[in-house]
Each structure stands twice: as C-alpha cells, then as structure tokens.
Amino acid sequence: MRFTEEHEQLRRTVRDFVEKELNPHIDEWEREGAFPAHEVFKKAGRLGLLGVNKPEAYGGMGLDYSYQMCVTEELGNCRCGAIPMALGVQMDMSTPALARWGTDDLKREFLAPAIAGDVVTSIVVSEASGGSDVAAIKTTARKDGADYVINGSKMWITNAAQADWLCTLVTTSDGAAHANKTLVIIPTKLKGVEIGPKIDKLGMRASDTCPIFFDGVRVPQRHRIGEEGMGFMMQMVQFQEERLCGAIGALRGMDRLIEVTTQYCRERETFGQPLIANQVIHFRLAELKTEVEALRSLVYRAVEEYVGGADVTLLASMAKLKAGRLTREVSDSCLQYWGGMGFTWDNPASRAYRDNRLLSIGGGADEIMLGIICKLLGTLPGRKKK
Ligand SMILES: Cc1cc2nc3c(=O)[nH]c(=O)nc-3n(C[C@H](O)[C@H](O)[C@H](O)COP(=O)(O)OP(=O)(O)OC[C@H]3O[C@@H](n4cnc5c(N)ncnc54)[C@H](O)[C@@H]3O)c2cc1C
C-alpha cells in the first residue's frame with residue numbers, strides 16, 4: 001500500500017475533525033447514551049468525509065477505497081467506538097449497494113443527502129429470530145400496485161433512533177432463500193414504521209441501537225435497489241465493506257490503548273519501580289503491538305486487492321475475525337495493567353473492553369467469519385440432506 005500526499009491530507013483532516021468535533025464531547029455523549037447524529041453527520045458531510053469513495057455526481061469525492069480506509073482508520077482516534085461505528089454505518093454499510101446498483105433517481109433522492117450529511121441512515125438486516133442466518137429473515141415485502149407493502153420487524157439497528165432512511169433487506173417471494181430477497185430503501189417517516197425503544201447495551205453507549213417494526217408500510221417499488229431477488233447477493237457484496245470497515249476501525253483504537261497503557265505503566269510504580277520495568281509487561285505490550293501491525297498488513301492487503309477490483313470476501317472475513325479477537329486480547333491485557341483503575345467505568349481500557357466486544361458479534365460473528373473462510377478454503381463439510 002503506497003500512500004500519497006492526498007491520503008495524508010485526508011488523514012490530517014479526519015484527525016482534526018476527531019480532535020475538534022468529537023473527542024471534546026465523547027464523555028458527555030457516552031454518559032447520556034446518545035449523540036446528536038444530524039449535527040455530527042452534517043459536519044462530517046461538509047468536510048466530504050461521508051462520500052470519499054462515492055461518485056462525484058452525487059456529491060462524493062470519487063476516490064478509491066484506499067482513501068475511505070484512511071478515513072475509517074483515523075476515526076479510530078475517537079475516544080470511543082460508538083461514533084466511528086455510527087459514521088461507519090453511513091459510509092460503509094447502508095450506502096455501498098445503493099451507490100453500486102441504485103437508479104440515478106434513487107441515488108439523487110437518497111445517496112446525495114447521505115453524502116452531504118443531511119440525513120442519518122441505517123443498515124437493516126438482522127431480526128430478533130436470528131442475525132447470523134441472513135437467508136432466514138422473515139420480514140416480507142409483497143407487491144400491491146406500484147408499491148411494496150412491508151410487514152415484519154428488525155432488531156439491533158444502529159442509528160435507528162435518529163435515522164431518516166433504512167437500507168432494508170426484505171423477502172419478496174417464496175422462492176429459494178438466496179434468490180428471494182431484495183434491498184429496499186424505507187424512509188422512517190412512512191406510516192407503519194415504528195422505532196424503539198433504545199436497547200441498553202454493554203458498550204458503544206453513545207450509539208443508539210433499536211428494534212424496528214413494519215406494519216403494512218407502503219413503499220414505492222422504485223425504492224428497490226437493483227433487481228428484485230438479488231438482495232441477498234448484494235448484501236453479501238455490501239458486507240465486504242462493512243467487514244473491512246470493522247477491521248480497519250479497530251486499528252488506531254488498539255494503537256491508542258497500547259500507547260496510553262504504556263504511558264500509565266511508565267508512571268505507576270509498584271515495589272519501587274515503574275510497572276513498565278517488569279519484563280512480563282513490556283514484553284506483552286510489544287507482542288500486542290506486533291499483532292496489531294500484522295493485522296494492519298492484512299487489512300492493507302485486503303484493501304489494496306479490493307481497490308484492484310478483486311472479490312476480497314476471504315481476506316475481509318479473515319481481517320474481521322482477527323480484528324474481533326485481537327481487540328478483545330488488547331483491551332483485556334491493557335485493562336489488567338491499569339489494575340483497579342482499569343475496572344472503573346470511564347477508564348480508556350474499560351471503555352475499549354466494552355466497546356471492542358461487539359466486533360466479534362456484530363456484522364457477522366467470529367463463527368460466521370470462520371464458516372465463510374472454511375467455505376472459501378474448501379474445508380466446510382456439506383450439510384447432510386434430511
Ligand atoms: C450493538 C449492536 C449493533 C448492531 N447493529 C446492527 C445494524 O446496524 N444492522 C443490522 O442488521 N444488525 C446489527 N446488529 C446485529 C448483529 O449483526 C447480530 O447481532 C449478529 O449478526 C449476530 O446475530 P444474533 O445476535 O442474532 O446472534 P445469533 O445469530 O443468535 O448467534 C448467537 C451466537 O451463536 C454463534 N453462532 C451463530 N451461528 C453459528 C454457526 N453457524 N456456527 C457456530 N456458531 C454460531 C455466534 O457466536 C453468535 O454470536 C447489531 C448488533 C449489536 C449487538
């Protein structure tokens with residue numbers, strides 16, 4: 001991966017945004033369990049950060065995904081996981097399929113305002129009956145005249161409390177599970193859309209997560225992304241950016257936590273010497289940093305191949321799996337070296353410990369990543385026919 005002055009400039013812009021617009025408010029937003037998404041997204045939109053790799057015709061910068069990677073990596077300087085996740089949903093989860101397969105009209109109506117930061121959006125796939133098995137979703141959209149009529153419910157939806165539109169996976173026919181799904185844009189203002197209540201979570205406190213209920217919601221069929229029945233395939237492609245985003249977003253958070261923990265271990269003395277003087281500690285921190293750099297190399301390689309036009313499902317799944325596991329290891333080890341302080345709520349290691357736990361669950365759990373990796377390696381046993 002070769003970074004140009006344009007990449008570095010973009011990185012500086014994001015770091016500045018994080019330092020000025022996000023970090024001064026994080027403790028308050030985390031305490032309140034909410035952040036002003038429209039205000040924050042507008043500021044990000046004005047800087048062009050919500051459409052770096054989106055087409056210029058809709059307000060994006062038209063750059064390749066390596067630039068988007070820089071944005072996500074630098075958002076990792078934020079002192080919590082919640083706000084980068086909320087922004088990540090808009091940049092890498094709810095808009096890639098729309099940008100790739102949406103009609104011009106649909107992109108003007110929904111993508112352009114998302115890039116400008118005028119709206120907040122969600123990716124709406126998971127259901128209470130099970131999030132891992134995407135093919136088994138039960139929310140339906142039946143045709144009626146020029147509309148779809150949507151019934152069902154979704155669960156665990158990030159940004160939902162403040163969202164203006166939802167990129168939603170629905171079942172549009174009784175056919176085979178992988179060929180009967182469709183992605184539809186559903187504005188939240190429509191009659192029959194009910195959102196909430198907010199779910200009280202272990203981590204990512206400032207980000208809102210809610211169930212969504214659809215009761216006879218009429219959506220024009222022109223809100224469909226691409227062809228009917230192709231939604232499962234599109235969501236699988238869209239997952240590549242979601243999973244890359246998860247892995248990229250973890251990197252700087254881990255760097256930061258190792259840095260602040262190292263600093264703390266320099267200052268904190270036990271038995272007449274700084275904690276850092278203990279080999280078990282400085283070796284462990286060095287080992288963790290080595291692992292982070294190894295993950296960074298895997299992530300950069302996946303992004304480089306993605307930019308080159310390759311299908312990076314294998315590498316993106318590996319990166320997401322490794323990132324989920326490594327963030328848990330880094331935050332657990334770092335928390336240990338803060339001692340009792342690490343067990344207090346606002347400590348950086350404790351916040352990372354809570355926030356990072358999500359990465360092994362959301363956007364496809366570790367076991368789902370392992371299943372995909374095995375499938376692509378040809379080692380997944382076929383299912384026995386009943
Ligand atoms: C804070 C938060 C935010 C989220 N945001 C969104 C969002 O914006 N949009 C959205 O659509 N979804 C979102 N999700 C949902 C998330 O993607 C799902 O929670 C995840 O896919 C797991 O689904 P589940 O919770 O139903 O767990 P289940 O599917 O019930 O699985 C439970 C556990 O079982 C194990 N497991 C499952 N299947 C297998 C298998 N085949 N082999 C071995 N082990 C297995 C895994 O360890 C898994 O964690 C969010 C979740 C959380 C917690």
Side-chain angles (χ1 to χ4, degrees), residues 30 33-35 37 80-97 114 120-139 152-171 177 181 183-186 188 195-214 231-232 234-236 238-239 241-243 245-246 249-250 317 320-321 324-325 327-328 351 354-375 379-383:
E30 284 277 298
F35 79 104
C80 73
I83 314 304
M85 177 172 76
L87 289 160
V89 164
Q90 188 127 328
M91 296 181 297
D92 273 331
M93 304 178 204
S94 61
T95 53
V120 172
T121 69
S122 293
I123 176 68
V124 181
V125 175
S126 303
E127 300 189 354
S129 56
S132 299
D133 189 359
V134 173
I137 61 155
K138 296 189 174 77
T139 298
S153 63
K154 296 286 182 175
M155 185 61 178
W156 307 117
I157 305 307
T158 303
N159 293 345
Q162 305 184 70
D164 299 285
W165 61 254
L166 316 167
C167 176
T168 312
L169 190 68
V170 292
T171 300
K181 310 263 179 316
L183 280 173
V184 180
I185 302 282
I186 306 179
T188 53
I195 296 174
K198 272 202 312 196
I199 299 167
D200 196 10
K201 308 188 298 293
L202 172 73
M204 301 291 195
R205 301 288 302 175
S207 152
D208 59 77
T209 315
C210 307
I212 302 182
F213 305 91
F214 302 110
F232 184 84
M234 289 177 188
Q235 186 52 38
M236 292 302 126
Q238 187 160 247
F239 270 142
E241 288 187 21
E242 172 163 350
R243 288 167 185 163
C245 174
S317 306
K320 159 88 167 54
L321 172 71
R325 299 201 156 171
T327 52
R328 287 156 71 182
R351 186 178 287 160
R354 298 190 304 271
D355 288 357
N356 289 339
R357 191 62 185 81
L358 178 61
L359 195 53
S360 282
I361 298 170
D366 283 1
E367 293 80 359
I368 301 306
M369 295 305 102
L370 284 165
I372 295 170
I373 294 164
C374 289
K375 193 172 168 197
T379 55
L380 193 69
R383 286 204 182 190

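Every number for a ligand or one of its atoms is a count from 1 in the order of the listing. As the structure is a computational prediction, the values presented were derived from the model and not from experiment.
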Peer 1: Can Gly130 be said to touch ligand 1, with heavy atoms closer than 4.0 Å?
Peer 2: yes
Peer 1: Should Val125 be counted as touching ligand 1, given the test is an N or O pair under 3.5 Å?
Peer 2: yes
Peer 1: Below 4.0 Å, non-hydrogen atoms only: which portion of Leu358 touches ligand 1? Side chain, backbone, both or neither.
Peer 2: side chain
Peer 1: Can you sort out which atoms of ligand 1 are near Thr158, meaning under 4.0 Å from one of its heavy atoms?
Peer 2: 3 (C), 4 (C), 5 (N), 6 (C), 7 (C), 8 (O)
Peer 1: Within the structure provided, determine whether Val125 and Met155 are in side-chain contact (heavy-atom separation under 4.5 Å).
Peer 2: no
Peer 1: For atom 47 (O) of ligand 1, what is the closest protein heavy atom, and at what distance to 0.1 Å?
Peer 2: Glu367 OE1, 2.7 Å
Peer 1: Identify all side-chain donor-acceptor contacts of residues 159-170 below 3.5 Å with residues at least two apart in sequence or on another chain.
Peer 2:
unit_1 : atom_1 : unit_2 : atom_2 : d
Asn159 : ND2    : Ala86  : O      : 3.1
Asn159 : ND2    : Thr121 : O      : 3.1
Gln162 : OE1    : Ala37  : N      : 3.1
Gln162 : NE2    : Phe35  : O      : 2.8
Gln162 : NE2    : Asp208 : OD2    : 3.2
Asp164 : OD2    : His38  : NE2    : 2.7
Asp164 : OD2    : Val120 : N      : 2.7
Trp165 : NE1    : Phe110 : O      : 3.2
Thr168 : OG1    : Leu166 : O      : 3.1

Peer 1: Please round to the nearest 0.5 Å and tell me the distance separating atom SG of Cys245 and atom CE of Met93.
Peer 2: 4.0 Å
Peer 1: Nearest heavy atom to atom 16 (C) of ligand 1: which of Ser126, Ser129, Cys167 does it belong to?
Peer 2: Ser126
Peer 1: Could you tell me if the side chain of Leu358 sits less than 4.5 Å from the side chain of Met85, heavy atoms only?
Peer 2: yes
Peer 1: Which residue and non-hydrogen atom of the protein lie closest to atom 29 (O) of ligand 1, and at what distance in Å?
Peer 2: Ser132 OG, 2.7 Å
Peer 1: Ignoring hydrogens, tell whether any protein atom lies closer than 4.0 Å to atom 38 (N) of ligand 1; use the non-hydrogen atoms only.
Peer 2: yes
Peer 1: Side-chain contact test, heavy atoms from C-beta onward, threshold under 4.5 Å: evaluate it for Cys374 versus Thr379 and give yes or no.
Peer 2: yes
Peer 1: Please check this pair: side chain of Glu241 against backbone of Pro96, looking for a donor-acceptor N/O pair closer than 3.5 Å.
Peer 2: no
Peer 1: Record the part of Asp366 in heavy-atom contact with ligand 1 below 4.0 Å; permitted values are side chain, backbone, both and neither.
Peer 2: neither
Peer 1: Does the protein place a non-hydrogen atom closer than 4.0 angstrom to atom 12 (N) of ligand 1?
Peer 2: yes
Peer 1: For atom 9 (N) of ligand 1, grab the closest protein heavy atom and report residue, atom and distance to one decimal in Å.
Peer 2: Ile123 O, 2.8 Å
Peer 1: Suppose we measure from atom 20 (C) of ligand 1 to each protein heavy atom; which comes out shortest, and what is that distance?
Peer 2: Ile361 O, 3.3 Å
Peer 1: Which residue supplies the protein heavy atom nearest to atom 17 (O) of ligand 1, what is that atom called, and how far is it?
Peer 2: Gly363 N, 3.2 Å
Peer 1: Show me which atoms of ligand 1 lie under 4.0 Å from any heavy atom of Gly362.
Peer 2: 16 (C), 17 (O)
Peer 1: Should Val89 be listed as contacting ligand 1, given a heavy-atom distance under 4.0 Å as the test?
Peer 2: no
Peer 1: Using only atom types and a distance under 3.5 Å, with no angle test, would you say the side chain of Lys320 pairs donor to acceptor with the backbone of Leu359?
Peer 2: yes
Peer 1: Just to confirm my output: which protein heavy-atom neighbour is closest to atom 23 (O) of ligand 1, and how far is it?
Peer 2: Gly131 CA, 3.2 Å
Peer 1: Are any non-hydrogen side-chain atoms of Gln238 and Ile123 less than 4.5 angstrom apart?
Peer 2: yes
Peer 1: Any side-chain heavy-atom pair from Ser129 and Lys138 closer than 4.5 angstrom?
Peer 2: yes
Peer 1: Tell me, which pairs form a salt bridge (Lys or Arg N to Asp or Glu O under 4.0 Å) where one or both residues lie in residues 363-373, sequence neighbours left out?
Peer 2: Arg325-Asp366, Arg328-Asp366
Peer 1: NZ of Lys375 to CG of Leu370: how many Å apart, nearest 0.5 Å?
Peer 2: 14.5 Å
Peer 1: Answer with side chain, backbone, both or neither: which part of Ala365 has a heavy atom less than 4.0 angstrom from an atom of ligand 1?
Peer 2: side chain
Peer 1: So is Gly371 in contact with ligand 1, going by heavy-atom distances below 4.0 Å?
Peer 2: no
Peer 1: What do you reckon, does Thr209 have a nitrogen or oxygen under 3.5 Å from a nitrogen or oxygen of ligand 1?
Peer 2: no
Peer 1: I'd like to know if the side chain of Ser317 and the backbone of Met369 have a donor-acceptor N/O pair within less than 3.5 Å.
Peer 2: no
Peer 1: Treating Lys154 as the side-chain partner and Thr139 as the backbone partner, does any N or O pair qualify as donor plus acceptor under 3.5 Å?
Peer 2: no
Peer 1: Got a donor-acceptor contact below 3.5 angstrom from the Lys181 side chain to the Gln235 backbone?
Peer 2: no
Peer 1: Heavy atom of Lys201 under 4.0 Å from ligand 1?
Peer 2: yes
Peer 1: Could any protein non-hydrogen atom be found less than 4.0 Å from atom 32 (C) of ligand 1?
Peer 2: no
Peer 1: Does the residue Ile368 have a heavy-atom contact with ligand 1, meaning some pair of atoms that are separated by less than 4.0 Å?
Peer 2: yes
Peer 1: To the nearest 0.1 Å, how far is atom 51 (C) of ligand 1 from its closest protein heavy atom, and which atom is that?
Peer 2: Trp156 CB, 3.5 Å
